[in-house]
Amino acid sequence: MKTFDLDGRIAGWRGPVLAALLTLIAGLPGLLLLPPLDRDESRFAQATSQMLESGDYVDIRYQDEPRWKKPVGIYWMQALAAGLTSDVEDREIAPYRIPSLLGAMLAAWAVAWAGSAMLGGRVGFFGGAIMGATFLLSTEAGIAKTDAMLCGATTLAMAALARIYMATKAGERPIRPHKLLFWIGIGLSILIKGPIGFLVVALAIIALSIWDRNIKWLYRLGWGWGLPLVALMVGPWAIAITIATDGGFWREAIGGDLAPKIAGAHESHSGFPGMYLLLAPLLFFPSTLLLPAAVSTGWSRRAEPAIRFLVCWLVPGWLMFELAPTKLWHYTLPTFGALALLAAAALAQPIGKVSRITGAVLGAFAALLIIGITVYGLTVYGTSTAQTWAALTVVMALAAGAMGGFLLLNRAPVAALVASLAFGIVAHAALSGTIRQLRPLAIAPQLEKALEAADLHPRQGRTPGPVAITGFHEPSFVFLTGRDTDLTDAQGAAEALAEGRPAIVEGRDADAFRAAAARLGVSGRAVGTVNGYNYSAGDPVSLTVYAPPPRNGNGNGAAPVGVE
């Protein structure tokens with residue numbers, strides 16, 4: 001009887017490719033199931049759709065406002081993906097998420113590719129699998145913004161740097177393709193999110209050089225052609241945006257976005273030093289059970305060049321994010337590749353009792369957190385259709401924590417990891433399905449359905465647009481109804497009805513809207529109401545959709561606004 005030859009199945013190029021495919025499986029449910037999210041995702045997608053509509057691929061706009069906060073890289077990638085796979089008029093969010101999924105796959109591939117050279121094919125594959133299945137990366141893989149692709153570009157640069165570093169340690173000459181990938185990763189990271197990826201790489205280089213007391217290996221990076229390559233990647237757009245905005249982009253991006261994040265908690269995104277450490281068990285799930293072993297491996301084997309590189313990749317970058325006053329849960333993602341490889345490296349040697357017990361406890365704790373979040377969401381916002389998805393999430397998360405912990409405690413760490421990954425990936429997919437069914441949170445899609453049911457949606461062509469809306473001014477609604485969506489107040493909503501356009505009025509504006517409609521002598525009819533919870537603002541909302549009066553008068557059942 002043949003035994004399963006894992007090492008043969010993941011040898012060479014197969015391990016990195018399998019890790020990337022696992023990431024595809026983990027990230028695809030979120031990409032397909034989640035509605036457009038507020039606020040960042042829908043802002044990115046709407047700005048990209050306006051690029052496609054206008055043909056202006058330099059000056060980034062959200063409606064009529066400049067969006068000069070991030071470089072253009074992710075918008076170009078989203079425009080290419082959406083242009084190839086859909087029509088901009090469809091207002092489907094999934095095509096705009098494709099670059100994020102590809103970025104996550106690139107990150108997992110790069111981790112496995114570097115790990116196989118540093119620590120062997122088995123460690124490399126498991127490192128890539130751990131990376132791709134983490135709840136943090138597989139979640140970002142289904143959201144149309146910068147973070148998954150930034151992780152992919154930064155991880156690619158660090159993986160190539162690892163191959164260069166290990167070659168110089170072995171007395172070999174680094175090969176040009178590795179240098180090329182390093183500089184491409186740097187250039188992409190800058191085009192996507194400015195200096196963030198570069199800082200992670202630079203801190204790792206500085207830490208390694210200090211620890212080794214040697215900077216000679218840096219001469220092998222190909223500076224003479226690498227820096228011009230980065231300049232060639234970034235420079236043309238940098239020049240074009242400077243000319244197009246008369247330097248306004250740089251004033252806003254640096255002075256209005258980057259500097260406030262360094263100086264204080266920007267846009268109320270505050271936190272405390274150590275926040276990411278506390279979040280790690282949840283964000284690293286389902287491989288949480290290996291976190292203590294990863295830390296132990298990093299300390300006990302720090303004399304090994306490969307482990308030293310991973311420590312220098314992880315610790316300085318992580319500390320940078322911990323010390324920054326502005327904090328969001330995904331900021332540490334570019335360092336997760338090092339953590340994943342340290343966890344995989346721990347499998348190569350027996351794991352101590354303390355690490356096994358602590359890992360099992362942390363894994364169970366993370367599973368219980370996911371279960372608690374799921375049950376809370378179902379209880380507060382759920383409908384009957386969400387129960388099946390929620391039950392599957394609970395069962396799979398519990399299985400990942402319990403089965404993984406049991407096998408780890410019984411000295412079967414590889415089996416523990418495989419079980420945790422399998423159950424955890426299914427739990428993440430089921431969680432995406434659960435979130436999709438929490439309809440009170442999906443306000444914009446419900447409003448879109450109400451407009452379509454009443455033949456009021458602008459793309460149906462039966463009623464002139466744009467739609468006017470009060471109160472709920474979230475980007476998800478703008479994305480679904482188009483650039484010209486009128487984000488207004490009660491007076492503006494009444495004026496929209498007078499112009500023959502549909503209006504949506506939030507409950508708190510109802511009295512002012514009726515008064516304005518009475519002053520204008522406009523009548524209309526309520527054709528639907530959407531009740532929900534605006535999670536971006538933290539407020540419950542009740543939105544009534546009003547159809548304008550028919551153009552031939554006040555017939556066809558139209559009643560004055562406010563009259564039942």
Open item on the list: Is it the case that the ring center of W313 lies less than 6.0 angstrom away from the ring center of Y165?
Closed with: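 No, the ring of Y165 stays outside the 6.0 Å limit from the ring of W313, centre to centre.
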Open item on the list: Any side-chain to backbone donor/acceptor pair from T434 onto A390? Under 3.5 Å, distance only.
Closed with: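 Indeed, once roles are kept as given, a pair shorter than 3.5 Å links the two residues.
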Task: Cation-pi check, R163 onto W113 ring (under 6.0 Å, within 45° of axis) - done: yes
Task: W389 and I435, any side-chain heavy atoms less than 4.5 Å apart - done: no
Task: Shortest non-hydrogen separation from L421 to S287 and the atoms involved - done: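 L421 and S287 have their closest heavy atoms at CD2-OG, 3.6 Å.
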TODO: Report, as yes or no, whether the 6.0 Å neighbourhood of atom CZ on F198 holds more than 12 heavy atoms from other residues, nucleotides or ligands.
DONE: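 No - once you tally the heavy atoms of other residues, nucleotides and ligands closer than 6.0 Å, there are 12 at most.
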TODO: Could you check if a side-chain atom of M77 sits within less than 4.5 angstrom of a side-chain atom of I192, using non-hydrogen atoms only?
DONE: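 With C-beta onward as the side chain, the pair touches.
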Task: Geometric class of the F321/Y331 ring pair [parallel <30°, tilted 30-60°, perpendicular >60°] - done: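 If you compare the ring of Y331 with that of F321, the planes turn out tilted.
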Task: 4.5 Å side-chain heavy-atom contact, M275 and W329 - done: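 Side-chain contact under 4.5 Å: no.
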Task: Separation of R67 CZ from D59 CG (nearest 0.5 Å) - done: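 Between atom CG of D59 and atom CZ of R67 there are 13.0 Å.
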Open item on the list: Which label fits W318 and Y276: parallel for a plane angle under 30°, tilted from 30 to 60°, or perpendicular past 60°?
Closed with: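 W318 and Y276: perpendicular rings.
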Open item on the list: Quick test of your reading of the model: are D56 and R61 salt-bridged, counting only N-O distances below 4.0 Å?
Closed with: no
Open item on the list: Pair V200, M320 - check side-chain contact (heavy atoms from CB on, under 4.5 Å), show working.
Closed with: CA-CA 9 Å; V200 173; M320 175 183 70; 4.1 Å; yes
Open item on the list: Show the nearest heavy-atom pair for residues L119 and L310, with the distance to one decimal.
Closed with: CD1-CD1, 4.1 Å
Open item on the list: Main chain of G274, side chain of E322: is a donor-acceptor contact present, judged purely on distance under 3.5 Å?
Closed with: yes
- [ ] Can you see which heavy atom on L408 is nearest to which on A416, and at what distance?
- [x] N-CB, 3.6 Å
- [ ] Output the distance between atom CD1 (I215) and atom CG (L208), rounded to the nearest 0.5 Å.
- [x]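 These two atoms lie 13.0 Å from each other.
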- [ ] Would you confirm whether Y535, through its side chain, and D38, through its main-chain N or O, come within 3.5 Å as a donor-acceptor pair?
- [x]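 Yes: the side chain of Y535 pairs with the backbone of D38.
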- [ ] Return yes if some donor-acceptor pair links the side-chain N/O of T393 with the main-chain N/O of A430 below 3.5 Å, else return no.
- [x] yes
- [ ] Working to the nearest 0.5 Å, report the span between OG1 of T374 and CD1 of I371.
- [x]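 CD1 of I371 is found 7.5 Å from OG1 of T374.
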Open item on the list: So M51 and V58, do their side chains get closer than 4.5 Å, heavy atoms only?
Closed with: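 V58 does not reach M51 side chain to side chain.
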Open item on the list: Do I443 and E474 have side chains that approach each other closer than 4.5 Å (heavy atoms only, starting at C-beta)?
Closed with: no
- [ ] Starting at CD of E65, measure out to CD1 of I60 and round the result to the nearest 0.5 Å.
- [x]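 Nearest 0.5 Å value for the CD-CD1 distance: 14.0 Å.
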Open item on the list: Rounded at 0.5 Å granularity, tell me how far CE in M131 sits from CG in L22.
Closed with: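 Reported to 0.5 Å precision, the distance equals 12.5 Å.
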Task: Nearest non-hydrogen partners of P35 and A442, listed with the distance - done: CG-CB, 4.3 Å
Open item on the list: Walk me through whether S209 and L218 qualify under side-chain contact (heavy atoms from CB on, under 4.5 Å).
Closed with: CA-CA 9 Å; S209 300; L218 297 178; 3.7 Å; yes
Open item on the list: Less than 3.5 Å apart, any donor N or O on the side chain of T242 or W250 sitting next to an acceptor on the other?
Closed with: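 Distance-only check passes for T242 and W250.
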- [ ] Step by step, work out the ring pair (Phe, Tyr, Trp, His ring centres under 6.0 Å) result for F249 and W237.
- [x] CA-CA 12 Å; F249 175 87; W237 172 78; 5.0 Å; yes
Task: Shortest non-hydrogen contact between P316 and V311, atoms and distance - done: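 Closest approach of P316 to V311, heavy atoms only: CD-O, 3.7 Å.
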Task: S355 side-chain N/O to I351 backbone N/O, donor-acceptor pair under 3.5 Å - done: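 Not confirmed, S355 side chain does not pair with I351 backbone.
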Task: Main-chain N/O of A324 paired to K327 side chain as donor or acceptor, under 3.5 Å - done: yes
Open item on the list: What I want to find out is whether E140 reaches K145 closely enough, with some N-O distance under 4.0 Å, to be called a salt bridge.
Closed with: yes
Open item on the list: Does the Lys NZ or Arg CZ of R302 fall within the cation-pi geometry relative to W299 - under 6.0 Å from the ring centre and within 45° of the axis?
Closed with: yes
Open item on the list: Is it the case that over 12 heavy atoms from other parts of the model lie below 6.0 angstrom from the CG atom of L227?
Closed with: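 Buried by this count: over 12 neighbours within 6.0 Å.
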- [ ] Supply the atom-to-atom distance M233 CE to I190 CD1, rounded to the nearest 0.5 angstrom.
- [x]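 So the CE of M233 and the CD1 of I190 are separated by 8.5 Å.
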TODO: Any chance you could lay out the side-chain contact (heavy atoms from CB on, under 4.5 Å) test for F309 and M118, step after step, and finish with the verdict?
DONE: CA-CA 10 Å; F309 181 92; M118 298 168 73; 3.9 Å; yes
TODO: Take Q46 and R91 through the test side-chain hydrogen bond (donor to acceptor under 3.5 Å, both in side chains) and record every step on the way to the result.
DONE: CA-CA 9 Å; Q46 176 58 29; R91 318 307 291 181; 2.5 Å; yes
TODO: Would you check if the side chain of E41 reaches a backbone N or O of L37 as a donor-acceptor pair within less than 3.5 Å?
DONE: yes
- [ ] Could you please spell out the steps behind the ring pair (Phe, Tyr, Trp, His ring centres under 6.0 Å) verdict for F479 and Y96?
- [x] CA-CA 11 Å; F479 173 73; Y96 298 86; 5.5 Å; yes
- [ ] Go through L278 and F272 one step at a time and tell me if the side-chain contact (heavy atoms from CB on, under 4.5 Å) criterion holds.
- [x] CA-CA 10 Å; L278 292 178; F272 53 88; 3.7 Å; yes
- [ ] Check whether any side-chain heavy atom of Y533 lies under 4.5 Å from a side-chain heavy atom of V541, and answer yes or no.
- [x] no
Open item on the list: Treating R301 as the side-chain partner and A306 as the backbone partner, does any N or O pair qualify as donor plus acceptor under 3.5 Å?
Closed with: no
- [ ] Using the side-chain hydrogen bond (donor to acceptor under 3.5 Å, both in side chains) rule, take R483 and Y62 through it: C-alpha gap first, then chi angles, then the decisive distance, then the call.
- [x] CA-CA 8 Å; R483 168 183 178 169; Y62 172 76; over 6 Å; no
Open item on the list: Any side-chain to backbone donor/acceptor pair from S420 onto A400? Under 3.5 Å, distance only.
Closed with: yes
- [ ] Taking all heavy atoms of L150 and all of I196, pick out the closest pair and write down the distance.
- [x] CD2-CG2, 4.1 Å
Task: R97 side chain vs G142 backbone, donor-acceptor pair below 3.5 Å - done: yes
TODO: Answer whether the closest heavy-atom distance between the side chains of H473 and R39 falls below 4.5 Å.
DONE: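 Of all side-chain heavy-atom pairs linking R39 with H473, none is under 4.5 Å.
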Open item on the list: When you compare the side chain of R308 with that of D212, does any pair of heavy atoms fall below 4.5 Å?
Closed with: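 Yes, side chains in contact.
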